[in-house]
Amino acid sequence: MVEKKQFAGQVFERLLAKTPEPKIELQYSNPFQLLVATILAAQCTDLRVNMVTKTFFKEYPTPAKIARESQMVIAEKIKSTGFYRNKANSLIACCQRLMADYQGEVPRTVGELEKLPGVGRKTASVVVSNAYGVPAISVDTHVKRVADRLNLSKAKTPEATEEELKAVVAEENWTVFSQLLVLHGRYVCVARNPKCKQCTLLDICPSNEKVTS
DNA sequence: CTCCCGATAT
DNA sequence: ATATCAGGAG
């Protein structure tokens with residue numbers, strides 16, 4: 001446990017040295033936009049979401065309008081993010097709930113957010129940490145993979161990984177740590193051919209010997 | 001555990 | 001042409 005905390009701290013320091021200000025790549029200018037962008041980001045790259053939201057947010061600046069829109073109309077506009085029917089339904093239902101139960105505001109806790117349609121634990125954590133400054137570790141596919149390769153977690157589920165990471169990282173660093181792992185996973189410790197040669201963690205990574213590139 | 005889907009890397 | 005990417009709901 002103690003060694004694991006030290007190891008996590010070492011990972012944190014090294015990644016932070018490379019990226020002093022790790023920030024989320026989704027573009028948004030308020031909690032509502034971040035919520036919408038993150039719902040659209042399910043199984044989709046942030047880059048593509050940004051292409052869609054750039055115009056989508058001009059047309060739908062608040063939950064009020066989405067809540068009254070038809071599924072087909074929304075679906076058409078978010079099509080390129082994939083799973084567009086599901087996401088359109090989620091978005092509309094989510095905005096209806098925002099209007100009905102939260103005066104159009106985005107709730108400030110993971111618990112409340114998770115109750116919203118289309119919002120799972122990963123999305124809720126992203127919103128709460130980035131929009132409201134609540135410490136959170138959101139375990140997406142990148143965090144899961146990187147934590148796994150670093151043996152920081154051998155958990156099977158994202159929920160379990162989240163708990164293991166929270167146990168070895170100081171709470172005030174949760175959000176930054178989480179974002180560092182996302183960026184590291186997205187650009188260096190990628191799924192297919194991890195770029196180990198240019199990895200700042202190469203010498204301390206338990207998975208380094210198996211890789212060549 | 002299966003379904004939902006377009007975009008991009010190979 | 002096909003494998004892989006990237007979360008949530010039922």
Side-chain angles (χ1 to χ4, degrees), chain A residues 22-28 32-56 63 66 70-98 101 106-107 109-131 136-149 153 155-165 175 178-198 211-213:
Chain A
K23 80 183 220 13
I24 185 170
E25 294 182 303
L26 289 173
Q27 289 162 3
Y28 66 97
F32 170 67
Q33 288 190 356
L34 178 59
L35 175 60
V36 171
T38 311
I39 288 173
L40 293 178
Q43 301 288 97
C44 178
T45 63
D46 288 1
L47 200 69
R48 175 132 314 266
V49 171
N50 289 338
M51 292 171 61
V52 168
T53 54
K54 183 168 184 183
T55 51
F56 190 78
I66 297 178
S70 81
Q71 186 248 29
M72 262 191 53
V73 173
I74 297 290
E76 193 54 43
K77 300 180 184 191
I78 64 172
K79 199 158 199 166
S80 71
T81 67
F83 302 123
Y84 56 90
R85 290 187 198 86
N86 287 344
K87 287 177 184 176
N89 290 336
S90 294
L91 234 38
I92 292 164
C94 180
C95 288
Q96 288 172 346
R97 292 269 295 275
L98 251 32
D101 303 339
V106 176
T109 66
V110 169
E112 289 299 304
L113 280 160
E114 266 189 299
K115 296 182 193 164
L116 298 170
V119 181
R121 185 143 193 105
K122 178 257 177 180
T123 299
S125 299
V126 166
V127 170
V128 119
S129 57
N130 291 284
I137 291 182
S138 72
V139 180
D140 65 0
T141 186
H142 301 297
V143 173
K144 181 80 179 65
R145 180 180 62 253
V146 174
D148 193 57
R149 286 178 176 166
S153 160
K156 306 284 170 288
T157 70
E159 293 74 27
T161 298
E162 180 182 336
E163 290 319 304
E164 290 193 40
L165 293 180
T175 302
S178 180
Q179 188 55 37
L180 282 170
L181 291 197
V182 170
L183 295 174
H184 189 246
R186 185 171 297 158
Y187 297 113
V188 181
C189 197
V190 294
R192 311 213 232 233
N193 300 302
K195 304 172 173 18
C196 296
K197 290 269 173 63
Q198 49 175 282
V211 287
T212 52
S213 54

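Heavy-atom basis, side chains included; hydrogens, waters and symmetry copies ignored. Chain letters run A, B, ... following the sequence lines, proteins first, then strands; residues in each count from 1. Computed from a prediction, not measured in an experiment: that's the story for all the values here.
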Not counting sequence neighbours, which residues clear side-chain contact (heavy atoms from CB on, under 4.5 Å) with [X]? List them please.
X: Val73(A); value: Tyr60(A), Glu69(A), Ser70(A), Lys77(A)
X: Thr157(A); value: Glu159(A), Ala160(A)
X: Ser80(A); value: Arg48(A), Val52(A)
X: Ser178(A); value: Ile137(A), Ser138(A), Val143(A)

Query - Residues in ring-ring contact (aromatic ring centres under 6.0 Å, His included) contact with Tyr28(A), at least two apart in sequence or another chain - result: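 None.
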
Query raised in the report: What are the 5'-most and 3'-most nucleotides of DNA chain B lying under 4.0 Å from any heavy atom of chain A?
Result: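 Terminal contacting nucleotides, 5' to 3': dC4(B) to dA9(B).
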
Query - Any pair counted as salt bridge (charged side-chain N to carboxylate O under 4.0 Å, His left out), so long as it reaches residues 83-95 of chain A, sequence neighbours left out - result: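 Non-adjacent pairs meeting salt bridge (charged side-chain N to carboxylate O under 4.0 Å, His left out): zero.
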
Query raised in the report: Just checking Lys87(A): base, sugar-phosphate only, or nothing, at a heavy-atom cut-off of under 4.0 Å?
Result: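 Nothing, no heavy atom under 4.0 Å.
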
Query raised in the report: What one-letter contact string describes nucleotides 5-10 of chain C from 5' to 3', where B marks a base within less than 4.0 Å of any protein heavy atom, S marks contact via sugar-phosphate atoms alone, and - marks no contact?
Result: SBBSS-

**Report entry** Distance, C1' atom - from dC5(B) to dT2(C), rounded to whole angstrom
**Finding:**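 Comparing C1' positions in dT2(C) and dC5(B) gives a spacing of 16 Å.
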
**Report entry** dA6(C) to dT10(B) separation - P atoms, rounded to the nearest Å
**Finding:** 12 Å

Requested in this report: Take Arg85(A) and Arg48(A), find for each the nucleotide of DNA chain B with the closest heavy atom, and name the residue whose nucleotide sits nearer the 5' end.
Outcome: Arg85(A)

Query raised in the report: Listed by chain and number, what are the side-chain hydrogen bond (donor to acceptor under 3.5 Å, both in side chains) partners of Ser153(A), not counting sequence neighbours?
Result: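 By the side-chain hydrogen bond (donor to acceptor under 3.5 Å, both in side chains) rule, Ser153(A) matches Thr161(A).
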
Query raised in the report: So how far is it from Leu91(A) CG to Leu116(A) CG, rounded to the nearest 0.5 Å?
Result: 11.0 Å

